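Since the structure is predicted, the reported quantities are computational estimates derived from the model, not experimental observations. Each ligand, and each atom within it, is numbered from 1 in the order the structure gives.
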Amino acid sequence: MTVTQTTSNEATTPGGDLESRNPATGELLGKVPVMGQAEVDTAVARAREAARTWGAMSHAERRRHLTAFRRELGRRVEDMGDLIHRENGKPVLDSVQEVLVSCIHLDHATLRAEKALATQRVKTGLMANVRATISYHPLGVIGVIGPWNYPLFTPMGSIGYALAAGNTVVFKPSELTPLVGRLLEEIAADSLPDRYILQTVTGDGRTGGALAASAVDKLAFTGSAGTGRKVMAAAAANLTPVVMELGGKDPMIVAADADAKEAAKYAVYGALTNAGQACVSVERCYVVGDQYDEFVQTATEAASKVKVGGDDGQIGAITRPQQVDIIRDHLEDAVAKGAKVLTGGPEKISGNFVEPTVLVDVTDDMRIMTDETFGPVLPVIRVDSADEAIERANDTEFGLGSSVFGEAGIVEMAERIKSGMTAVNSVMTFSAIPTLPFGGIGESGFGRIHGDEGLKEFSRTKAIAHQKFSIPGVTMEFAPDQKSATKLVKVLTKQAFGGGIVDRLQEKVRNLLG
Ligand code: TXE
């Protein structure tokens, strides 16, 4: 990628072109402009204008338009799949699967929005004279800053839900995959009633910075925690709220009663798919006692059979050249501190291709166990018990995904892992289930995309308290007789909350109802 500066005023007009290249071959795929603050602000202003009509539509109208958008995306699965394959470097199968899962999410958001965002009537407690409702409204314009590892699926987790909630979107794809963003914009323009409902602004971190500093109503960011902090700092100037989908160091736990062979098969897929470049990749694996030998043997055999690169490759190139250095560093650090390579390893790295690697004798002080590797690597640790596994799995700054394998008490084990999502007896399944919220804690970020939570994330919550009649001393007005109103409030407080008759009655009813 080369960025040619044509102006010294980077903050307003970075200018120049961004080259998009195939990471597997180096082939030049196209050029896009590096947009500055002025272009980003223009896009946001157009999006705001479009939001007036889009946000005012009924859910049924938006559903009709978004269905047309989803159909156009589904119809062009070959174009989009081929572009993802060439621009990101992943195999064609993974690329078309990415289009499929993106369609699943877009479809779900489209069909679900009306119900998830329907106005709810809620209880009012003592204020029986008030009718209370909660309603959900579009925020306006959502800025989406996307990554390169899943250049369509990941941003769609925000874009689809933001559009269905009645917002317009300005999308800044990664500088490594700008053409995917461009094609998505084209598909939207061909199928939505206004081309400014979904716009793409292209460029690097400066363009992302411009979007974070712009007048968007909310910003959804996916990328590294370091860049996430910069985005938050820029958004803070306007008090723009943010959703942060950052990296992970996802643990997998194999319990004593798990099927070790089956677990090993999933571990290899979870660690290696997309060449390990998934925020919910299996990044470390804790195997309990007797299961260890069979697990390690099966995983090593399976990993060594995974085909890398070429037309029938099961994993492709590493998309971002600097990522190869990070993977190599982590592997070399582990080997230097005593880890044993069972297949793959740092010497097998060739250009942008990394051989699937299984490591044992790893310790908690190795970078491979603490930092996000984002490569096709499976480090395995033997532990004495599930409790030890959970404790070590939770000993991290991250908390995005995780997986557990076993039978007895396995869901309870899943509950004890401090992460946003856990797959039981599989890996990553939660990403493809559009009803489940997706997001992390700690260094993995905050806020939720997908599911009803994802629709609400891109909505403004409105509370309405509609008073039907007044109760002196309780309603929000000056009581005409202070003394008797004070008496009434005292009696009410004691009877309702101070162990009085209402309090005791309520407890009895609660106990009766269980
Ligand atoms: O991410 P960045 P990078 C992790 C993974 C990887 C690391 C770095 O561990 O090794 O992050 O990847 C835009 N203001 N993940 O460097 O920098 C940028 O243009 C606003 C996890 O690619 O976070 C791109 O569009 N925006 C992950 C986006 O931020 C800025 C996915 C992400 O870039 C900006 C990818 C700025 N100052 C990497 N600087 C996941 N959670 O899935 C850059 N950007």
Which heavy atom of the protein is the closest neighbour of atom 34 (C) of ligand 1, given with residue, atom name and distance?
T227 CG2, 3.4 Å

Would you please test Y161 and H105 for side chain to side chain donor-acceptor pair (under 3.5 Å) and show each step?
CA-CA 8 Å; Y161 292 80; H105 276 282; 2.8 Å; yes

Protein heavy atom under 4.0 Å of atom 22 (O) of ligand 1:
yes

Using a 4.0 Å cut-off to any heavy atom of L246, which atoms of ligand 1 qualify?
41 (N)

Best match, P155, G223, G208: closest heavy atom to atom 20 (C) of ligand 1:
G208

Backbone N or O of F221 within a donor-acceptor pair of the E245 side chain at under 3.5 Å?
no

Is the number of heavy atoms from other residues, nucleotides or ligands under 6.0 Å of K340 NZ greater than 12?
no

Close-contact set for ligand 1 against E175 heavy atoms, below 4.0 Å
18 (C), 19 (O), 24 (C), 25 (O)

Going by the angle between their ring planes, with limits at 30° and 60°, are W148 and F374 parallel, tilted or perpendicular?
perpendicular

Examine F221 against ligand 1 and note whether any of their N/O atoms are separated by less than 3.5 Å.
no

Ligand 1 atoms in contact with W148 (distance to a heavy atom under 4.0 Å):
3 (P), 12 (O), 22 (O)

Among protein heavy atoms, which sits nearest to atom 6 (C) of ligand 1, and what does the distance come to when rounded to 0.1 Å?
Q323 OE1, 3.4 Å

Within 4.0 Å of some non-hydrogen atom of V231, the atoms of ligand 1 are 14 (N), 20 (C), 26 (N)

What do you reckon, does G146 put a non-hydrogen atom under 4.0 Å from ligand 1?
yes

side-chain contact (heavy atoms from CB on, under 4.5 Å) filter on A116, not counting sequence neighbours, yields R112, D452, L455

Classify the contact between D204 and ligand 1 as side chain, backbone, both or neither, using a heavy-atom distance cut-off of under 4.0 Å.
backbone

Students should be able to answer this: which protein heavy-atom is nearest to atom 14 (N) of ligand 1, and at what distance?
G209 N, 3.3 Å

Does T222 reach ligand 1 with a nitrogen or oxygen that is under 3.5 Å from one of the ligand's nitrogen or oxygen atoms?
no

What protein heavy atom lies closest to atom 11 (O) of ligand 1? Include the residue and the distance to one decimal.
S224 CB, 3.1 Å

What I'd like to find out is whether the side chain of L100 reaches to under 4.5 Å of the side chain of V77, using heavy atoms alone.
no

Report the nearest protein non-hydrogen atom to atom 40 (C) of ligand 1: residue, atom name, distance rounded to 0.1 Å.
C279 CB, 3.5 Å

From E19 CD over to E175 CD, what is the distance, rounded to the nearest 0.5 angstrom?
13.5 Å

Where is the nearest protein heavy atom to atom 36 (C) of ligand 1: which residue, which atom, and how far?
G205 O, 3.4 Å

Do any heavy atoms of T154 fall under 4.0 Å from ligand 1?
no

Measure across K218 and V243 and return the closest heavy-atom pair with its distance rounded to 0.1 Å.
CE-CG2, 3.7 Å

Give the contacting part of R206 toward ligand 1: side chain, backbone, both or neither, where contact means a heavy-atom distance below 4.0 Å.
neither

Contacts of type side-chain contact (heavy atoms from CB on, under 4.5 Å), residue K418, not counting sequence neighbours
N394, I441

Identify which one of Q277, E98, H85 satisfies the side chain to side chain donor-acceptor pair (under 3.5 Å) criterion when paired with K90.
E98

How far is atom 35 (C) of ligand 1 from the closest protein heavy atom, and which atom is that?
P147 CB, 3.7 Å

K172: numbered ligand 1 atoms lying under 4.0 Å from its heavy atoms
18 (C), 19 (O), 24 (C), 25 (O)

Under the side chain to side chain donor-acceptor pair (under 3.5 Å) criterion, do D250 and S402 qualify, and how do the steps go?
CA-CA 5 Å; D250 289 8; S402 48; over 6 Å; no

Separation between CZ (R46) and CD1 (I197), nearest 0.5 Å, reads 14.5 Å

Tell me which protein heavy atom sits closest to atom 4 (C) of ligand 1, plus the residue, atom name and distance to 0.1 Å.
E372 OE1, 3.4 Å

Quick test of your reading of the model: are E388 and R382 salt-bridged, counting only N-O distances below 4.0 Å?
no

